[in-house]
Amino acid sequence: MLAGDALNKGLINGIVPDRDALIAQISKEISMDKAQLAASHPELLAQIQAEARAEAESALAAAHTQAQADSSAGLLALVKAVAGEDAAAKIAQAAAIGITAEQIAAYAQIFGQPQASAAEAEGEESANNVSRREILTALREARPAPLNTQAGVKNGDPVAAAIDRISAL
């Protein structure tokens, strides 16, 4: 059968002169934007969006976990430099078993602060302790709020909040 007869009988979509024209014709026929996809296959669009969101959330969670690990390692290195290896080891041990800063603060409130040295009790705090306190205060203030807090989540969407935080850097 000749191409013209096949076209008239609806057996083919068109006649093209060469391979490049065929590729261009196929590309034009199979391209579809989001609006066309939503109109003709809404369930497929919903599935694609759900898969993309799941992948983004998984990548965000992995990045968040890595950032927390990096931050913890950096903070432990600072504690070691400021307060010594013993203090860093104690903090790492407390973190490993899941003790939070809030729990430590509650414990200190209930059972009192550790006993100060005689010089500190008389109001003669050493310059070294003042420096340590200033460093730790600056570290606390410089740390960004976690994304899983109510203030860190934009309109209930943690992915949008992460995108906003990253773009602000």
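- Counting heavy atoms from C-beta outward, Lys34 and Gln49 have side chains that approach closer than 4.5 Å.
- In terms of heavy atoms, Ala38 sits closest to Leu45 at CB-CD2, 3.4 Å.
- Checking side-chain atoms of Glu57 against main-chain N and O of Ala54 turns up no donor-acceptor pair under 3.5 Å.
- Looking at every heavy atom in both residues, Gly98 comes nearest to Gln103 through O-OE1, 3.6 Å.
- Within a 6.0 Å sphere centred on CD of Glu43, other residues, nucleotides and ligands contribute more than 12 heavy atoms.
- In this structure, CD1 on Ile91 lies 9.0 Å from CG on Leu75, to the nearest 0.5 angstrom.
- Between Pro42 and Ser40 the shortest heavy-atom distance is CD-C, 3.7 Å.
- With hydrogens and angles disregarded, a donor-acceptor distance shorter than 3.5 Å links the side chain of Thr65 to the backbone of Ala61.
- Under the 4.5 Å side-chain contact rule for hydrophobic residues, Val16 and Ile23 do not share a cluster.
- Within the 4.5 Å cutoff, the side chain of Asn13 has no heavy atoms near those of the Gln25 side chain.
- For Ser71 (side chain) and Ala67 (main-chain N/O), no donor-acceptor pair under 3.5 Å exists by modelled atom type.
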